[in-house]
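Data block below; observations after.
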Amino acid sequence: MITLDDARALDAADPLAGMRDRFVLPEGVLYLDGNSLGALPKATIAAQKDVVERQWGIDLIRSWNGNDWIGAPQRIGAKIARLIGAQPHEVIVTDSVSVNLFKLIIAATRLNSDRSQILTEPGNFPTDLYTADGAAGLLADNIVHTEQAGDLVDALGPDTALMMLTHVHYKTGARHDMQLLTEEAHEQGALTLWDLSHSVGAIPVDLNGCEVDLAVGCGYKYLNGGPGAPAFLYVREDLQDQLRSPLSGWMGHEAPFEFRDDYVPAPGISRFLCGTPPILNMLALESGVDLFADVDMEAIAMKSAALFDLFADRIEERCGGHDLNLITLRDAAHRGSHISYSHPDGWPISQALIERGVIGDFRAPDILRFGLTPLYTSFEDIWRAVEILGEILESGIWREDRFAVKAAVT
Ligand SMILES: *Cc1c(COP(=O)(O)O)cnc(C)c1O
């Protein structure tokens, strides 16, 4: 049996344990949803106060130059680059994941215009599928977006313009082999676009090492940038000047403040900007990203794996015989940083957990999902959360009517 003291011993030996104190974590809550909305860093509160009161309130318009608001997309992009194995000038913070997907799908498919297939897989995150479909509809008539189940390598062919995949699956947590799939796509002359929303800040990513062409990722999950934080995009250095964003807004112009009538894209990554950046949100994201400055991504990966093992082992001991079915692979090399179980009554159980302060989430049709965020999840949190889940399953309290009520956001 794994005891609470065993979990505490793991915390005592954890080199990242000190990071937890840098987050606001409310009393009585075991927060296991940082893969959906990252927790609030304490530093963000002071930084946002400064942005609002001094930079906006007093410095006013002078802040664009004086506080380098104008350089925020590139500056924060460069900080994220370190977390994903990219060069500083290959990443920029802008727009949402959905909008960035749209821009890059169109740009890549136009570059590879003698080919007509955008290859992805069924069950990819909905916005990835919807934007691929929407983008394909705006391109030439013959462009199709194919959702290949099973072996993606088999589906790659001389007609594939772009292979677009999510690195870590949002439901199952399964991780694709980025190196292998990128290599296979290149062999067929296809470009690659990886969605890193469930990878960045949670597991090591090496875009340059894998020779990835394009990528996007989310700011409000493991990067702790706040609700609706701007997203980032990556374009391989030597492709940047060959690609054109279909959203040719003035911030992506080579000289926005010359106010010319004709559009000339900026050199490099800046051409993927569109409109004025949302500075409050950008700087909240920067506070979140700055917490990674002193942290080694390998230490994060090791802790994520250890949190997972404790969770899975403890569920086996404490919650056996209650229809919980682990759907995430146990091998750390093949998964991200959340753990998912299917259960026919997943929704009411997730609601009963929340009532007891254990905040995970539910993904239709039947998945209980728990995010393991190495910067602030403790081993004790995991032990206690499983204990509460065991009590809920044993007592059957989740069968009470109030837990059946559906919410708008799950
Ligand atoms: C969270 C997530 C998104 C979010 O897209 P938004 O445009 O920020 O709403 C996109 N793709 C994946 C794979 C995600 O996990």
Side-chain angles (χ1 to χ4, degrees), residues 32-39 73 76-77 80 83-84 91-106 118-135 145 147 152 162-176 178 181 192-203 205 207 212 214-234 245 247 272-275 277-278 281-282 284-285 288-289 304 328 335-340 360-364 367 369-373 408-410:
L32 299 175
D33 213 3
N35 58 325
S36 203
L37 175 63
I76 306 166
I80 293 172
L83 308 180
I84 54 176
V91 181
I92 196 156
V93 174
T94 180
D95 299 317
S96 61
V97 177
S98 305
V99 172
N100 289 333
L101 282 167
F102 178 82
K103 292 187 292 193
L104 292 180
I105 292 167
I106 299 248
I118 301 168
L119 177 64
T120 181
E121 61 179 343
N124 195 347
F125 191 81
T127 212
D128 299 55
L129 297 177
Y130 304 160
T131 47
D133 205 40
H145 131 234
E147 295 174 23
L152 284 154
L162 177 69
M163 182 187 73
M164 122 183 194
L165 295 172
T166 297
H167 188 210
V168 171
H169 196 275
Y170 74 105
K171 277 190 192 169
T172 64
R175 186 195 314 189
H176 276 304
M178 178 184 279
L181 285 166
T192 53
L193 167 52
W194 287 95
D195 187 332
L196 306 177
S197 293
H198 280 278
S199 319
V200 61
I203 57 170
V205 177
L207 294 179
V212 167
L214 309 163
V216 297
C218 187
Y220 50 79
K221 293 171 179 162
Y222 294 96
L223 295 182
N224 307 307
F232 64 88
L233 66 80
Y234 154 93
S245 170
L247 300 181
F272 295 97
L273 294 177
C274 180
N281 299 325
M282 297 285 289
L285 173 61
V289 171
S304 163
T328 308
R335 59 174 158 78
S337 197
H338 62 269
I339 183 165
S340 296
D361 62 24
F362 170 78
R363 285 293 172 264
I367 292 174
R369 192 174 72 154
F370 303 96
L372 311 171
T373 44
V409 175
T410 64

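Order of listing sets the numbers, starting from 1, for every ligand and every atom in it. What you are looking at is a predicted structure, and each value in this text was computed from that prediction instead of being measured.
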Worksheet item: Would you say the side chains of Thr172 and Thr328 form a donor-acceptor pair under 3.5 Å?
Response: no
Item to complete: Could you give me the CA-CA distance, side-chain angles and deciding distance for Thr131 and Ser98, then say whether side chain to side chain donor-acceptor pair (under 3.5 Å) is met?
Response: CA-CA 7 Å; Thr131 47; Ser98 305; over 6 Å; no
Worksheet, complete the sentence: Ile105 and Ala135 have their tightest heavy-atom pair at CG2-CB, 3.7 Å
Worksheet entry | Separation between CG of Leu214 and CG of Asn100, rounded to the nearest 0.5 Å | 11.0 Å
Worksheet item: Would a 4.5 Å heavy-atom cut-off, applied to side chains only, mark Leu152 and His176 as touching?
Response: yes
Worksheet item: Tell me, which residues have any heavy atom less than 4.0 Å from some atom of ligand 1?
Response: Ser96, Val97, Ser98, Phe125, Thr127, Asp128, Thr166, Asp195, Ser197, His198, Tyr220, Lys221
Worksheet item: Do His338 and His198 have ring centres separated by under 6.0 Å?
Response: yes
